[in-house]
2 protein chains.
Amino acid sequence: MPASQSLDSFDRAILAILQKDNTTPQRVIGEAVNLSAPAVQRRIKRMEETGIIRANVVLVDPAKVGHPITLFVEVEVESERAELIDAAKRSFVAVPEVQQCYYVTGDADFILVVTVATMADYEALTRRLFFENNNVKRFRTFVAMDRVKVGLEVPLG
Amino acid sequence: MPASQSLDSFDRAILAILQKDNTTPQRVIGEAVNLSAPAVQRRIKRMEETGIIRANVVLVDPAKVGHPITLFVEVEVESERAELIDAAKRSFVAVPEVQQCYYVTGDADFILVVTVATMADYEALTRRLFFENNNVKRFRTFVAMDRVKVGLEVPLG
DNA sequence: ATCTGATTGCAAGTTTGTTTCGTCTGGATG
DNA sequence: CATCCAGACGAAACAAACTTGCAATCAGAT
């Protein structure tokens, strides 16, 4: 009973479908998981309310809208004082070209995924984000030659 | 005319909305961009056919479905012979826990984004993917402490 | 000036999503 | 052991959204 529990096997089956294609009609989902359309609809609504489903979005091919370059950047900071880390987070989040930003353990402090139109744009971005930030000690860039697999799908097993 | 060109400013405005919420009714989109609902619908359809829109999906909160750990892995291979690289790509793509996989230039050859339930699961994964693959020379793991910004949104400006 | 091809808005038709309502199940309580 | 209650279900009615056909419009080329 998915009332108190957050996920049962119906929910997982529904999520698996929606992670592939959220335009799938509820009736079709219902047939796939052996539930009526209203039941499917109620479960989706609850998962949205509880934050299991964070968003409904389209995935855009970056190359086809003028952003053919994807980059990874490892950023190392000078000081890990909380307020400086927070400031760094805010500055990264604010930049649309930064698709993803993670605060990590290891040899680096941040890992960024960046999408740009040209390397000149990236050069300008590094100036703004890294060279003008005194707390950035070092950064290392990887250029993606092949986006072998790109998605945010979470396995549900 | 968006016939031969792939993107005009209407398309970009529509995409910007859909990248945030693809459940937005076409009528509402139409009001926002000053177009009728059918016009919006035809443009969306064309962008889907031409591959500008790659997919319609829900984004799931990994922590809430039992995958609280996100990892980055830099993988360096022994040989960059094409067939070995392709084999590596296939092996990474086949694993559901590998959300993203990029073939990159720089000190590493691949960068993976991995989502798992426990570190034990990750340990098992490294065994399968890296230790049992003779072509993997070295790999380096970063553990995400904070998913500061996660998305696949492409800036449209 | 005219023609062509593409795009638009409107309106009708169709599909999909949503709400309502009565029923059923499982678990806790007396 | 019977009763009660909360939560979830399906069927049907309802509302909203999507889709299509058609005539009108606009831009560029002849």
Side-chain angles (χ1 to χ4, degrees), chain A residues 1-61 63-66 152-154 156-157, chain B residues 1-61 63-66 152-154 156-157:
Chain A
M1 305 73 212
S4 44
Q5 287 187 16
S6 42
L7 265 197
D8 66 4
S9 72
F10 284 117
D11 290 325
R12 276 193 296 272
I14 293 168
L15 271 188
I17 293 171
L18 294 180
Q19 282 194 118
K20 300 280 188 197
D21 180 4
N22 76 344
T23 68
T24 312
Q26 295 170 351
R27 176 180 44 79
V28 175
I29 299 174
E31 290 164 7
V33 305
N34 287 321
L35 232 48
S36 69
V40 171
Q41 129 93 329
R42 284 187 285 256
R43 283 164 178 273
I44 293 175
K45 187 182 175 191
R46 183 175 46 222
M47 292 192 282
E48 283 174 345
E49 286 167 353
T50 58
I52 292 173
I53 293 177
R54 257 193 338 112
N56 289 268
V57 301
V58 302
L59 300 188
V60 171
D61 184 336
K64 297 209 168 151
V65 297
L152 293 174
E153 205 173 323
V154 181
L156 304 165
Chain B
M1 305 70 203
S4 43
Q5 287 187 20
S6 43
L7 266 198
D8 65 6
S9 72
F10 284 117
D11 290 325
R12 276 193 296 271
I14 293 169
L15 271 188
I17 293 171
L18 294 180
Q19 282 194 119
K20 300 281 189 196
D21 180 5
N22 76 345
T23 68
T24 312
Q26 294 170 352
R27 174 182 47 81
V28 174
I29 300 174
E31 290 164 8
V33 306
N34 287 321
L35 232 49
S36 68
V40 171
Q41 128 87 355
R42 286 184 282 255
R43 283 166 177 272
I44 294 175
K45 187 180 175 191
R46 184 176 49 222
M47 290 192 282
E48 284 174 344
E49 286 167 351
T50 59
I52 291 172
I53 294 177
R54 248 184 353 104
N56 288 269
V57 301
V58 302
L59 300 188
V60 172
D61 184 335
K64 297 208 168 153
V65 297
L152 293 174
E153 205 173 322
V154 181
L156 304 165

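Every chain is numbered from 1, with letters handed out A, B, ... down the list of sequences.
Within 4.0 Å of R42(B), counting heavy atoms only, lies at least one base atom of the nucleic acid. Among the heavy atoms of the strands lying under 4.0 Å from P38(A) is at least one base atom, whether or not backbone atoms are also near.
Remark: the backbone N or O of Q26(B) is not paired with any side-chain donor or acceptor of Q41(B) at under 3.5 angstrom.
Rounding to whole angstrom units, CD1 of residue I14(B) and P of dC18(D) are separated by 12 Å. Across the protein-nucleic acid pair, D11(A) atom CG and dG7(D) atom P stand 16 Å apart, rounded to whole Å. Rounded to an integer number of Å, the gap from CG of L18(A) to P of dT16(C) is 15 Å. M47(A) places its CE atom 13 Å from the P atom of dA8(D), with the value rounded to the nearest Å. Atom pair E31(A):CD and dT15(C):C1' shows a separation of 14 Å (rounding to whole Å applied). Rounded to whole Å, atom P of dT8(C) lies 12 Å from atom CD1 of I44(B). Rounded to whole angstrom, the span from the CZ atom of F10(B) across to the P atom of dC26(D) amounts to 14 Å. Between L35(A) atom CG and dT25(C) atom P the separation is 16 Å, expressed in whole Å.
Closest-nucleotide positions on DNA chain C for R27(A) and K45(A) were compared, and the one nearer the 5' end corresponds to R27(A).
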>> One pair to check against side-chain contact (heavy atoms from CB on, under 4.5 Å): N56(A) and V58(B). What are the steps and the verdict?
In response: CA-CA 4 Å; N56(A) 289 268; V58(B) 302; 3.2 Å; yes
> Going through the checks in order, is the salt bridge (charged side-chain N to carboxylate O under 4.0 Å, His left out) test met by R43(A) and D11(A)?
Replying inline: CA-CA 7 Å; R43(A) 283 164 178 273; D11(A) 290 325; 3.1 Å; yes
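An OP1 or OP2 oxygen of dA17(D) is reached within less than 4.0 angstrom by no side-chain nitrogen or oxygen of Q26(B). Phosphate contact (OP1/OP2 of dT18(C), side-chain N/O of Q41(A), threshold under 4.0 Å): present.
Set against dT7(C), dG10(D), dG9(C), the side chain of A39(B) has dG9(C) as its closest nucleotide. When the nucleotides dT7(C), dG9(C), dG17(C) are ranked by their closest atom to the side chain of R43(B), dT7(C) comes out on top.
Between the CG atom in L152(B) and the CG atom in L59(B) there is a gap of 7.5 Å [rounded to 0.5 Å].
Using a 4.5 Å heavy-atom cutoff, the side chains of L7(B) and M47(B) are in contact.
For dG7(D), the base has no donor-acceptor partner in the side chain of R46(A) [N/O atoms by modelled type, under 3.5 angstrom].
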